[in-house]
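A, B, ... follow the sequence lines: proteins, then strands. Residue 1 opens every chain.
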Number of protein chains: 2
Amino acid sequence: MAVAAPLQSDTPNDPPSKRSAILEGATRVFLASGYGPASMDSIAAEAGVSKQTVYSHFGSKDALFEAMVRQKCDDLTSPMADSEIRGDNPEEVLIGLGRRFMELVLLPAHTRLFRAIVAESERFPELAEGFYRAGPRQGADQLAEYLAELDRKGTLRIPQPKASAELFFATMRADLYMRSILALSEEPDTDEIDQQVTLAVAAFLAAHRTT
Amino acid sequence: MAVAAPLQSDTPNDPPSKRSAILEGATRVFLASGYGPASMDSIAAEAGVSKQTVYSHFGSKDALFEAMVRQKCDDLTSPMADSEIRGDNPEEVLIGLGRRFMELVLLPAHTRLFRAIVAESERFPELAEGFYRAGPRQGADQLAEYLAELDRKGTLRIPQPKASAELFFATMRADLYMRSILALSEEPDTDEIDQQVTLAVAAFLAAHRTT
DNA sequence: GTCTATAAAAGGATAGAC
DNA sequence: GTCTATCCTTTTATAGAC
């Protein structure tokens with residue numbers, strides 16, 4: 001009897017060892033230097049395989065970049081997408097959500113991925129759209145549902161839940177995110193994050209209170 | 001008697017025709033394709049000069065990129081920096097400010113410049129910092145002064161003017177800016193901008209009202 | 001499938017004439 | 001200062017052996 005095949009995040013039924021090694025090497029090299037400066041030679045070296053092996057698995061540099069971005073988008077957005085937005089106290093819920101969001105998007109991996117996608121957004125429009133859908137769009141839609149519920153219950157006054165959800169995440173990002181993607185403050189600082197989250201949530205609640 | 005020398009935005013006293021032609025060509029090529037893919041050959045061709053002339057003026061591709069970015073940062077931030085924030089009705093003032101801000105940052109030229117800076121922020125940290133200072137930082141500080149004044153007058157309750165100013169611009173950008181830098185919606189749409197500005201200003205006023 | 005070796009092209013930078 | 005022509009390195013991609 002065959003035991004269950006190991007679950008790897010590859011295209012279906014592939015002996016994944018080499019393929020995922022290449023993908024990991026590509027991730028390191030692409031995210032370290034961006035698409036242009038990353039050479040197929042260094043990716044092959046980083047993955048511990050020959051260059052030809054890279055080509056037989058992915059065909060071209062473009063295709064490898066696309067595969068890498070798609071996988072990283074999954075990795076970096078699923079923690080948010082999978083987590084439920086639930087709780088009794090809206091303030092606590094929003095603060096918790098904001099913290100998780102900030103800790104995720106301020107990760108160096110996310111920052112570097114975002115830079116690469118932005119840089120290549122005109123050459124790879126499908127990648128940019130995939131990121132937007134899986135990230136900002138999905139997050140805002142998910143929050144919008146919760147906000148609509150608060151509005152129905154009368155807890156807060158939120159006539160345009162989708163727009164308010166977008167505003168919420170925008171106030172979270174604000175200056176910290178801008179500085180992060182501009183590489184002006186590499187490591188996320190927990191105190192600064194908490195301060196930003198608290199302030200933004202307070203502003204959000206004040207803007208949407210019923211009284 | 002010598003007449004007044006023509007005022008060109010070059011380094012002091014240079015016969016500017018060729019130099020500014022190169023700078024304009026470099027702007028077009030760099031902003032069209034980003035730093036990496038832009039070749040010195042195409043820049044020279046775009047400027048209508050030989051490659052050697054480009055090198056005798058700017059020395060290297062890096063230096064040319066830096067010069068281009070600095071000039072474009074000036075061009076694209078001075079309209080905001082030079083305009084006064086003044087008026088009797090805070091709502092009108094903020095809506096006007098928001099509109100000008102959005103119309104500026106959604107310009108294709110700004111979007112492309114921002115992408116290039118973000119992409120190269122690790123290789124050219126001084127450029128990223130220059131952009132941040134002249135753009136987001138300067139804008140927030142300028143608005144913060146106005147907000148502090150409103151707080152002193154008692155018009156609005158704004159205990160942390162700097163943080164509130166950052167929040168203001170963040171809510172302006174929100175989804176429209178994200179989509180713009182991801183190249184998902186190239187041209188700015190006036191109606192969408194107005195809608196975003198109105199909504200964000202309303203939220204800002206509600207969050208900071210005194211009652 | 002995987003490796004070594006090579007082809008073929010592009011691009012940054014420079015030499016030398018005028 | 002400006003142009004033409006050239007050097008030399010890097011890099012994507014492929015050929016061919018095992």
- Message: I want to check something: taking the side chain as every heavy atom from C-beta on, are B:Q138 and B:Y132 in contact at a cut-off of under 4.5 Å?
- Response: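 No; the side chains remain at least 4.5 Å from each other.
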Is there a side-chain contact between B:P79 and B:R100 in this structure, where contact means two heavy atoms from C-beta onward sitting under 4.5 Å apart?
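When only atoms from C-beta onward are counted, B:R100 and B:P79 do not touch, as no gap falls below 4.5 Å.
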In 5'-to-3' order, the base (B), backbone-only (S) or no-contact (-) status of each nucleotide in nucleotides 3-18 of chain D, using a 4.0 angstrom heavy-atom cut-off, is BB-------BBBB---
Hits for salt bridge (Lys or Arg N to Asp or Glu O under 4.0 Å) against A:R179, two or more places apart or cross-chain, chain-then-number order -> none
_Separation of C:dA13 P from B:I43 CD1 (nearest whole Å)_ =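 One finds 11 Å between P of C:dA13 and CD1 of B:I43, rounded.
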Smallest heavy-atom separation, B:V93 atom then B:R86 atom, equals CG2-O, 3.7 Å
Self-check item: Whether B:F101 and B:F169 hold their rings parallel, tilted or perpendicular, with breakpoints at 30° and 60°
Solution: tilted
